[in-house]
Amino acid sequence: MDEIVWARDSSEGFILSRITEILDDGAEVIPLESKYQKRTLPFSDIFRANVEKDRDYDDNCEMMFLNEASLLNNIRTRYYKNKIYTYVANILIAVNPYSEIPSLYSPEMIRNYKGKSLGQLPPHVFAIADKAYRDMQVLKQSQSIIVSGESGAGKTESTKHLLKFLCHNWGEESGLLEQKILDANPVLEAFGNAKTTRNNNSSRFGKFIEVHFDKSFKVCGGHISHYLLEKSRVCSPDGDERNYHIFYMLMAGAPEKLRQKLGLTKPDDFNYLKSACTRYFTKPSSEKKLSPSQKSEDHTKQGPLKDILLDDVEDFNDLDQALSRLGLTDAERLQIYATVAAVLHLGNVAFEDNPDDSRGGCRMIPSKERSLITASTLLDIDPSELKQALVSRVMQSSRGGMKGTVIMVPLKVYEANNARDALAKAIYSNLFDYIVNKINRSIPFQASSYYIGVLDIAGFEFFTVNSFEQFCINYCNEKLQQFFNERILKYEQELYKKEGLGVPEITYVDNQGCIDLIEAKTNGIFTLLDEESKLPKPSYTHFTGEVHKAWPSEYRIGLPRSSKLKAHRSIRDDEGFLIRHFAGAVCYQTKYFIEKNNDALHASLESIIQESKNKLIETLFSTSMAQKGKLTFVSVGSKFKTQLGELMEKLKSNGTNFIRCIKPNNKMVDHQFDGSLSLMQLKCSGMISVLELMEYGYPSRTSFADLHSMYKEYLPKELKQLNPKTFCEAMLHSLKLQEKDFKFGITKVFFRPGKFAEFDRIMKSD
Ligand code: ATP
Ligand code: MG
């Protein structure tokens, strides 16, 4: 009755406790630390504990008891020792340290990890990069590295380290191409990252960066695909959040002459930048070195590793040079900056009710003329035509059978605001596409044989108000989770079967049902949304009703009032739906779904901007014209569905490596581990299911060849000469490991949890 166990605790995750009484369906436990209360828990909240205090394991599978409590404890113990990386078999867990760990990413480290099998050195993001590289060489197959985690967990930082490793210049050549691939990042961050309440440098788009290799496995090019840039941020960053970094960089960091030319003054002068936090000029990247004094700044206010006004000058210069190295000429760069400035000036154009218009139309507020003219000049379009297109729209009348008569419909104030914002969003997001395109063109990969693709895309999201953006990103995470299940859980079980290891099957939740709900061709939510847009008078309440009607008996979808959260229960039935995702139920508010799914400009506005004489603007809008020619309107949702489909195809045909990033606290501070927050993330990322599977299986496995090379130095000469398989058999049988603790497969030896570590100790101590 004295057994020490892990007992669930709502804030710590788990706490060590002693069982005092076993009950029918649970047990009574007393926590070892007296600050915690005695409690009665069901068996599902009590786990066996590895009791060696403060001991930690590089690979969780070395532990005797594999369960969520021991995993959490191992990660926490390591984190406080500055060991932020941990394996669960081949999956890397990375905890965000929110501080720089000295020399963790030094060039020497890169060299150390080159060519080493996983497990030879402590867990590291470089070890995963090297594994991908070696797998590519040996298996002759392209590889993916899927980096996941919630906002602020460290995906983008991990991605940068992976790319740095993959693009490390091993040869004698100058490494220009590698530099270009690395240059892409500061550019993407400047235009696609922003300060949010969760992360001072939050990526507001997803990306899949491919590093291509030629037949001798040297870097020969790259390609970037990007997903779902958050357009709404351009016009309305939330209260405490900022707009995209580029706006502030340009404002504070561009040379005086350029700023004058673009009419840029200070953020508070621009509607799109007015928010509570404009006074903080965060830097877009944390790559720079810091003085110790900066590191000890008040993190809660400004976030770690950043925030000094002066940095913007340096950041702007870095960006400008990166763009220049990527092959953009002085004129092209100037045009980009002018376009960014034009978005800001456009945002200052405002409207009021027009007392002279009997139909309730609006007019531009006269004092905003200056902004209109500056915006038009920068975009090289006619200001009066722009004004006209913002306050009215042209429609074809079919009254009295006179089809084709063109009439001008005046817009109301809110409609004009919407038109202006739609234009700003279109310009900015087309500019982002253009920049990615430019980068891609400067790193072509004709000589490619294989590639390693790194996916950095937002994890599962769940807020008080969830809209179309969360819907899309959670859909994406359902697909990725399904892929993870197939690759890890299904693959593992198939492997056991194939090798005849006789492990009982683990059931895991198949989320195909949830994916169908969203993407099914006839009645999936995306389809219903597109259908709604085609109606003469689309309405979100009608759309919501259709969704509920289409899936009457599907348990994965529900009414808002079935939510556990009070805030959601007050949403009307026709204003939202609840989806039970693999990671939890999310209630979506459908109010802006229709608008957010449609990023087309109204025709008059589109034609004005297309008539621009500015070369860049012309390019930005020429593709949408091509689409128009085909008369196919592509909604945001269906475009994303297609893109995601293509990405999944790539992932399926590649070898896979997973990195799960964990955010240890919500305050963005170092050395603070919030147990329940971290546990939640481990659950959402599917790591707990992996452990369950491993607990009954053979989680540590090594190929005969690796085992041979790792231990040959510990054994007598005659053994060394044996072939790897015979060598391993001889070695394992000569030790006193029990037969049930390991099994021989066709290519590998498999060990029960904790047994490989035991074997390693025996070998090294003998
Ligand atoms: P989002 O989804 O919002 O883009 P993310 O997962 O990409 O979030 P990052 O931007 O990579 O998160 O990380 C957030 C911050 O955490 C970084 O700006 C940096 O300050 C810190 N950080 C992350 N990883 C590390 C690391 N390995 N070492 C030091 N600091 C780190
Ligand atoms: Mg990011």
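Only heavy atoms go into these numbers, but all of them, side chains included; no hydrogens, no water, no symmetry mates. Note that ligands are numbered from 1 as they come in the structure, with each ligand's atoms numbered from 1 the same way.
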* **Test ring pair (Phe, Tyr, Trp, His ring centres under 6.0 Å) applied to F526 - qualifying residues, sequence neighbours left out** => F471, Y475
* N/O separation below 3.5 Å, D456 to ligand 1 -> no
* For S99, is the nearest heavy atom under 4.0 Å from an atom of ligand 1? -> yes
* **Salt-bridge present (E241, K195; N to O < 4.0 Å)** => no
* State whether K425 and E230 are salt-bridged, where the test is any N-O pair (Lys NZ or Arg NE/NH1/NH2 against Asp/Glu carboxylate O) under 4.0 Å. => no
* Decide whether an N or O pair under 3.5 Å exists between S158 and ligand 1. => no
* To do: Taking the six-membered ring of F126 (Phe, Tyr or Trp), confirm whether the NZ or CZ of K131 is under 6.0 Å from its centre and within 45° of its axis.
  => no
* To do: Please examine the side chains of Y105 and I110, heavy atoms only from C-beta on, and report whether any two atoms are closer than 4.5 Å.
  => no
* Structure fact -> Near P97 (heavy-atom distance under 4.0 Å), the atoms of ligand 1 are 25 (C), 26 (C), 27 (N), 28 (N), 29 (C)
* To do: Please determine which of F432, Y227, Y244 meets the ring-ring contact (aromatic ring centres under 6.0 Å, His included) test together with F205.
  => F432
* Does any non-hydrogen side-chain atom of N96 lie less than 4.5 Å from one of E157? -> no
* **Distance-only N or O hit between ligand 1 and Y85, under 3.5 Å** => no
* Should the pair R76-E12 be classified as a salt bridge under the 4.0 Å nitrogen-to-oxygen rule? -> yes
* Asked: Are any of the heavy atoms in K160 under 4.0 Å away from ligand 1?
  -> no
* Counting from 1, what ligand 1 atoms have a heavy atom of S203 closer than 4.0 Å? -> 1 (P), 3 (O), 4 (O)
* Can you list the ligand 1 atoms lying under 4.0 Å from a non-hydrogen atom of E150? -> 6 (O)
* Structure fact -> At under 4.0 Å between heavy atoms, what of N199 touches ligand 1? The answer is side chain
* Structure fact -> Contacts satisfying salt bridge (Lys or Arg N to Asp or Glu O under 4.0 Å) that involve residues 429-442 (not counting sequence neighbours) are E332-K438
* To do: Using the salt bridge (Lys or Arg N to Asp or Glu O under 4.0 Å) rule, collect all pairs that involve residues 455-465, keeping only residues at least two apart or in two chains.
  => K207-D456
* Polar contact flag for G154 and ligand 1 (N/O pairs, less than 3.5 Å) -> yes
* Which atoms of ligand 1 sit under 4.0 Å from any heavy atom of N201? -> 10 (O)
* Can you find an N or O of S151 that's nearer than 3.5 Å to an N or O of ligand 1? -> yes
* Asked: Do any nitrogen or oxygen atoms of E100 lie less than 3.5 angstrom from nitrogen or oxygen atoms of ligand 1?
  -> no
* Structure fact -> The residue among Y337, F247, Y248 that forms ring-ring contact (aromatic ring centres under 6.0 Å, His included) with F316 is Y337
* To do: Indicate yes or no: at least one non-hydrogen side-chain atom of K479 is less than 4.5 angstrom from one of I515.
  => yes
* Identify which of A458, A94, S202, G149 has a heavy atom lying nearest to atom 3 (O) of ligand 1. => S202
* Asked: Taking the inter-plane angle between the rings of F208 and Y451 on a 0 to 90° scale, is it parallel (under 30°), tilted (30 to 60°) or perpendicular (over 60°)?
  -> perpendicular
* Tell me which part of Y105 gets within contact of ligand 1: side chain, backbone, both or neither, using heavy atoms under 4.0 Å. => side chain
* Give the total of protein N/O/S atoms at a distance below 2.8 Å from the Mg ion (ligand 2). => 2
* With a 4.0 Å cut-off on heavy atoms, is C661 touching ligand 1? -> no
* Structure fact -> The single option from T86, D56, N60 that satisfies side-chain hydrogen bond (donor to acceptor under 3.5 Å, both in side chains) with N74 is N60
